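Note that the coordinates shown come from a computational prediction; the quantities given were computed from them, not determined experimentally.
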Amino acid sequence: MLNANKLNGKIIEKGLDKTTVANMMGIHRSTLHRKINNEGDKLSVKEANELVDILNLSSDEALSIFFAKKSHNMRKNKN
């Protein structure tokens, strides 16, 4: 599960915005927004790797953003 808050925080921390990042990836800002916020579209592995490169994320940062664990409450609410 993607941690959108951490990813958005890293974008801001690097002095960028979603429009700039989307342009660097060759996609529209609204597409990036939907993919980050799990609104239908999902990030591809290629796109996740592009974000890692654009944001210069460490391995630990990338893991915590792109492989965030669901909390117990989130799993419980799905059942």
Side-chain angles (χ1 to χ4, degrees):
M1 175 175 218
L2 174 72
N3 187 325
N5 288 334
K6 280 188 179 182
L7 181 54
N8 286 322
K10 284 294 175 184
I11 291 170
I12 293 167
E13 183 180 304
K14 299 295 181 176
L16 301 170
D17 58 33
K18 285 184 187 173
T19 301
T20 303
V21 172
N23 288 337
M24 294 171 81
M25 295 175 69
I27 61 176
H28 194 274
R29 183 204 181 281
S30 63
T31 301
L32 180 61
H33 176 82
R34 282 193 310 274
K35 289 180 179 228
I36 289 175
N37 293 297
N38 291 314
E39 295 174 359
D41 296 334
K42 304 281 186 210
L43 280 172
S44 68
V45 172
K46 179 183 177 225
E47 291 166 333
N49 283 325
E50 288 175 345
L51 286 168
V52 169
D53 289 341
I54 290 167
L55 300 174
N56 195 30
L57 300 175
S58 70
S59 296
D60 287 341
E61 290 171 324
L63 286 173
S64 71
I65 291 170
F66 298 109
F67 296 100
K69 295 179 182 177
K70 290 183 181 181
S71 72
H72 173 73
N73 288 337
M74 289 177 72
R75 286 191 304 265
K76 189 170 89 174
N77 289 337
K78 279 202 152 191
N79 295 331

[X] and [Y]: which non-hydrogen atoms are nearest, and at how many Å?
{"X": "Lys42", "Y": "Lys35", "value": "O-NZ, 3.4 Å"}
{"X": "Lys18", "Y": "Leu32", "value": "O-CD2, 3.5 Å"}
{"X": "Asn56", "Y": "Lys14", "value": "O-NZ, 4.0 Å"}
{"X": "Ala62", "Y": "Val52", "value": "CB-CG2, 3.9 Å"}
{"X": "Ile36", "Y": "Ala4", "value": "O-CB, 3.5 Å"}

query: Without hydrogens or angle criteria, can the side chains of Thr20 and Asp17 be said to hold a donor-acceptor pair below 3.5 Å?
result: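 Per modelled atom types, Thr20 and Asp17 side chains form a pair under 3.5 Å.
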
message: Just verifying a value: how many Å separate Phe66 CZ and Asn3 CG, rounded to the nearest 0.5 Å?
response: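 Interatomic distance, Phe66 CZ to Asn3 CG, rounded to 0.5 Å: 10.0 Å.
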
message: Quick check for you: to the nearest 0.5 Å, what is the distance between Thr31 atom OG1 and Leu43 atom CG?
response: 11.0 Å

Is there side-chain contact between [X] and [Y], with heavy atoms separated by less than 4.5 Å?
{"X": "Leu55", "Y": "Leu16", "value": "yes"}
{"X": "Glu39", "Y": "His33", "value": "yes"}
{"X": "Lys6", "Y": "Lys10", "value": "no"}
{"X": "Leu51", "Y": "Met25", "value": "yes"}

Same cluster (ILVMFWY, side-chain, under 4.5 Å), Leu2 and Ile12: no

